[in-house]
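Structure provided below as structure tokens; questions to follow.
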Amino acid sequence: MTTTEHLADTVENAAANPETPQPFRELGLKDDEYARIREILGRRPTDAELAMYSVMWSEHCSYKSSKVHLKYFGETTTDEMREHMLAGIGENAGVVDIGDGWAVTFKVESHNHPSYVEPYQGAATGVGGIVRDILAMGARPLAVMDPLRFGPADAPDTRRVLPGIVAGVGGYGNCLGLPNIGGEVVFDETYAGNPLVNALCVGAMRVEDLHLAHASGTGNKIILFGARTGLDGIGGVSVLASETFSGDESAGKRKKLPSVQVGDPFTEKVLIECCLELFQSGIVVGIQDLGGAGLSCATAELASAGDGGMHVDLDLVPLRAEGMTPAEVLSSESQERMCAVVEPSNVDAFMAVCAKWDVIATVIGEVTDGDRLVIDWHGQTVVDVPPRTVAHEGPVYNRPIERPADQDALIANAPDALARPSTPEELRETILKMIASPNLCSRGWVTEQYDRYVRGNTVLAQPNDTGVLRIDEETGRGIALATDCNGRYCKLDPYVGAKLALAEAYRNVAVSGAAPLAVTNCLNFGSPEDPAVMWQFEQAVRGLADGCVELGLPVTGGNVSFYNQTGSTAILPTPVVGVLGVLDDVRRRVPSGIGNEAGETLLLLGE
Amino acid sequence: MSPRIGVITFPGTLDDVDAARAARYAEAEAVPLWHADHDLRGVDAVIVPGGFSYGDYLRCGAIAKFAPVMTEVIDAAKKGMPVLGICNGFQILCEAGLLPGALLRNAGLHFVCRDQWLKVENAGTAWTTRYEPDAEILVPLKSGEGRYVADQSTVDELEAEGRVVMRYVGGNPNGSRNDIAGVTDARGRVVGLMPHPEHAIDALTGPTDDGLGMFLSVLDAVVKA
Amino acid sequence: MARVVVDVMPKQEILDPQGQAVANALPRLGFDGVSSVRQGKRFELEVDDSVDDAALAKIAETLLTNTVIEDFTVRRVES
Amino acid sequence: MARVVVDVMPKQEILDPQGQAVANALPRLGFDGVSSVRQGKRFELEVDDSVDDAALAKIAETLLTNTVIEDFTVRRVES
Ligand SMILES: Nc1ncnc2c1ncn2[C@@H]1O[C@H](COP(=O)(O)OP(=O)(O)O)[C@@H](O)[C@H]1O
């Protein structure tokens, strides 16, 4: 290796060489976005700063196309709906008070694109990521669910993707000791080439243990702990590396890096126990998970949520690969890492807990009294930015919206035209065909690969429509969770379709004997640059929010996944809705299905 | 004083809370044991619970067998202390040489979680006296590497000496030799079982409460001793 | 008949939790001096002489290896 | 520093469902002439020169292999 590789682009260098061309378009930034970064900084960004802004201002991290619509959730939530809510949209995950001093936190997130590239690892790290979100709130993760969508069951690519995704969800979740209490498996041709892997995690804590991460208190230490940082998932940012690695062999190699991350559930399991012990002993100010955008995201978010600045020394970050550039260290999506803010007097105690669990922990910086996020590398400053501009003040777009021209034709093409079974034989045949169809047949092949028993609190799981967990062994207090979405309804009418998804999850929770309490969602759509998709999105958000008002439930959090399409064909609009309910005593749960006892009476409620 | 049942936690152990709960349901005192300690804390029996110790990346149980606490378990077992290895615990006991054979990847190559019928073949071990001989019980099975293998002479010996403790009935879920779900040592004190009796102690959270018998049995065994 | 060995290893830059677990265990077991461990797969195939190198490479690449995260080598060994 | 390779293969008499699954898939994918496939593990270790053959054999035998079901070979390769 040559020595030139370490000549990182410093702030000083950026100021001195304002016209150095930068590959901002390859990193996904638009011309005006790049111009805004230059304006914020009063100079061109360094490579490391460019890497930070480009990931943090991506659709995935900044919600730039969805923000203006998601506001509607907040606007429609009344104080009454907020009654049980302890934390809502904007936090890692929503938190609700379920009584008896228990707080429950839950969230669903997508990991669609990585799961298409590498099904097993994509799905596995999807589970790993959502679990760390829940953990960062101070809660013990208790269970997972996995709403999945695939192309046609007999399509060759589904045969590649489905077994890997199911094995990945199971492989990671089983090894973490989190029961899988439900999910969905839906097939539709629009998901061929773009499967959906949504992962939900639910956790619980005592109300007084709720932790919201922020870096406050000058002098407090920033500690990175968990796995080492490697070249995982930095696919895009390797464009920058090739610049610095001017023409030598490794440049070529670096460029080909797949942007896949490999999960290590064992490390995460140990990290969970370690974090819970840290929270328990009260020696952390806050803990932030590292997910997409890695350290860029964690440092910028911690700093902008706090009241000061932050200084980080990147040389201290334990690395797994040689010759990483500062931009790569900041953007690496290596899994199973967390970042904590710790008062200096507690650092030793913190390190002792990490040592007990064999978790690597390193002080990488501290909270400063300035208002800048400053990051050094080899003694020189490579990042010097106002953290809010990275984490919260990204671009916001009012994308064009247009109801698709063919929507009326689609609606007009009603099922009335279809032939109906008219004889008992035809009816029998239709029923047999239906129950054997991929969308209705047994999910046993999938659910058998998931541990639903671990920890001994699973009261209902498959084949029930709702998962029910015991939270308190003394009182029997527990929760119910269901996720639902019919993308075909949403395609016909995204507003009503989203309401129906909510209504279905709500019903499923209610019939298990639980009182519905809160809603989360994962909004999977096509490209936001397509006005028809934006229309679907806007309608779905309004439908879901209005439905929540009618039912009196708050949306406590969610996730948006855009660009789910193959070529110009978008997936069915798929706003997956999760409803959380509470049972005073899980012994009074109602399993789904009939025929448990002889002589049962069947009643049909509603119209 | 109620008997004390130790439950070991390795990094990556998952079913320790369940094993401890099962011990409590049987009215024993559950005593947590830490992998890194050379100390059994005066317990009367030990459960090596399920999970993925050290991630099970190399081979299930391969690394856990070297933990300091296992040295103590091996010593105590040789002196006759009842030891139950469940799932990963069974794998660890085999790796540690306390039980013969090994557990390999399921013949179907997938992790399997299902409610499994078992036949109690030996109701005379420290962990099975509360069952009628030939009783059939329903408990969860959840494992990816649960296929019991041993060479022919070992299998013959186990069969001849009645050391097959439980057998799968209603279909072999993983390709185990002779449908073997669990085996015991020559004295009937150390038992390894692939399915999870600790997940079947209460019909609220498991398929049945058929598993409780194992924890009640060991109380009889240690009280008698 | 020929015997063919296909070695499949995780790519260098990719996390190898399996190898790491072994590497971490060694010092605890009293073995020092091992600085890194990587764990991969080894396949042994018995093939007819009709199977040429191109076919073997194809088998290794499409079936035995996940080329997103693994590299492979194929070699014939005498049996 | 030396590079050491440890190959661990399932014993001949032990059923190897993974190898078998590969062998069964081959004809379906249009590859004929492969009569058997066995799948084992390959470990690559970087060791100090101080680590002698006896220590390597010990590592292979006690940790990397379960000799009830597997056989192993150890060899040093130039790196
Ligand atoms: N991906 C999955 N992960 C976990 N459980 C699942 C998954 N898909 C389906 N299930 C479970 O399988 C059962 C049957 O699913 P499904 O046929 O979709 O039910 P329904 O059509 O009644 O909603 C339910 O308990 C559901 O939660």
Side-chain angles (χ1 to χ4, degrees), chain C residues 1-12 16 18-65 70-77 79, chain D residues 1-12 16 18-65 70-77 79:
Chain C
M1 278 306 233
R3 166 164 299 189
V4 174
V5 171
V6 180
D7 289 320
V8 176
M9 297 299 292
K11 285 191 178 164
Q12 268 309 330
D16 170 22
Q18 319 185 48
Q20 211 169 32
V22 174
N24 293 343
L26 285 169
R28 280 203 308 273
L29 307 182
F31 297 111
D32 290 312
V34 180
S35 56
S36 115
V37 180
R38 293 188 76 76
Q39 178 177 339
K41 296 177 203 150
R42 175 188 167 94
F43 295 92
E44 293 180 0
L45 285 65
E46 303 285 341
V47 306
D48 286 352
D49 297 329
S50 64
V51 181
D52 62 12
D53 287 355
L56 286 175
K58 195 88 194 275
I59 290 173
E61 182 168 350
T62 54
L63 192 61
L64 304 183
T65 311
E70 296 167 329
D71 294 322
F72 66 91
T73 59
V74 182
R75 63 181 193 280
R76 290 172 186 264
V77 296
S79 40
Chain D
M1 277 305 231
R3 166 164 298 187
V4 175
V5 171
V6 181
D7 289 319
V8 176
M9 295 301 291
K11 283 195 169 91
Q12 273 308 331
D16 169 22
Q18 312 185 64
Q20 221 162 49
V22 173
N24 294 342
L26 286 169
R28 279 204 306 274
L29 300 176
F31 297 112
D32 290 313
V34 179
S35 56
S36 110
V37 179
R38 294 187 73 75
Q39 178 176 340
K41 295 175 203 155
R42 174 188 167 94
F43 298 90
E44 293 180 1
L45 283 64
E46 303 283 341
V47 305
D48 286 351
D49 296 329
S50 65
V51 181
D52 61 12
D53 288 354
L56 286 176
K58 193 95 193 276
I59 289 172
E61 183 169 351
T62 56
L63 183 64
L64 302 182
T65 312
E70 297 164 325
D71 295 321
F72 67 91
T73 59
V74 182
R75 62 181 192 281
R76 290 174 186 262
V77 295
S79 40

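Side chains included, hydrogens not; waters and symmetry mates left out as well; all remaining heavy atoms used.
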>> I'd like to know which of C:A23, C:G19, C:S35 tops the heavy-atom pair count under 4.5 Å against chain D.
In response: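 So the answer, after comparing C:A23, C:G19, C:S35, is C:S35.
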
>> At a heavy-atom distance under 4.5 Å, which candidate from D:T62, D:V4, D:L26 has the highest pair count against chain C?
In response: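 Looking at each option in turn, the highest pair count goes to D:L26.
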
> Quick one: does D:Q20's side chain get under 4.5 Å of D:R38's, heavy atoms only?
Replying inline: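 No, too far: nothing below the 4.5 Å cut-off.
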
>> Please determine whether a side-chain nitrogen of the Lys or Arg among C:K41 and C:E70 lies less than 4.0 Å from a carboxylate oxygen of the Asp or Glu.
In response: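 Salt bridge between C:K41 and C:E70, a charged N being under 4.0 Å from a carboxylate O: yes.
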
>> Using heavy-atom distances under 4.5 Å, tell me whether C:L64 contacts chain D through its side chain, its backbone, both, or neither.
In response: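 Interface part for C:L64: side chain.
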
> Under a 4.5 Å cut-off applied to non-hydrogen side-chain atoms, are C:R42 and D:M9 in contact?
Replying inline: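 The answer is yes; the side chains approach within 4.5 Å.
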
> Does C:K11 pair with C:D16 as a salt bridge, N-O distance under 4.0 Å?
Replying inline: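 No, no charged N to carboxylate O under 4.0 Å.
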
> Of all of C:S50, C:A55, C:G40, which one pairs up most often with chain D through heavy atoms under 4.5 Å apart?
Replying inline: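 Ranked by heavy-atom pairs under 4.5 Å with chain D, first place is C:G40.
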
> Based on non-hydrogen pairs under 4.5 Å, which of D:V22, D:I59, D:V37, D:V51 is most in contact with chain C?
Replying inline: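 Ranked by contacts with chain C, first place is D:I59.
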
> Heavy-atom distance under 4.5 Å to chain D: side chain of C:V34, backbone, both or neither?
Replying inline: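 Backbone plus side chain of C:V34, per the 4.5 Å heavy-atom cut-off to chain D.
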
> Is any side-chain heavy atom of D:D7 less than 4.5 Å from a side-chain heavy atom of D:V5?
Replying inline: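 Answer yes - side chains close enough.
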
> Considering only heavy atoms from C-beta outward, does the side chain of C:R3 approach that of C:R76 to under 4.5 Å?
Replying inline: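 No, too far: nothing below the 4.5 Å cut-off.
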
> Contact part of C:D49 toward chain D, heavy-atom cut-off under 4.5 Å: side chain, backbone, both or neither?
Replying inline: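 No part of C:D49 comes within 4.5 Å of chain D.
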
>> Looking at C:E61, is its backbone amide N or carbonyl O close enough to the side chain of C:T65 to form a donor-acceptor pair, meaning the two atoms are under 3.5 Å apart?
In response: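 Not at all, since once roles are kept as given, no pair shorter than 3.5 Å links the two residues.
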
> Tell me, side chain or backbone of C:F43 under 4.5 Å from chain D's heavy atoms, or both, or neither?
Replying inline: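 Both the backbone and the side chain of C:F43 come within 4.5 Å of chain D.
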
>> Is C:L63 in contact with chain D via its backbone, its side chain, both, or neither, using a 4.5 Å heavy-atom distance?
In response: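 Only the side chain of C:L63 comes within 4.5 Å of chain D.
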
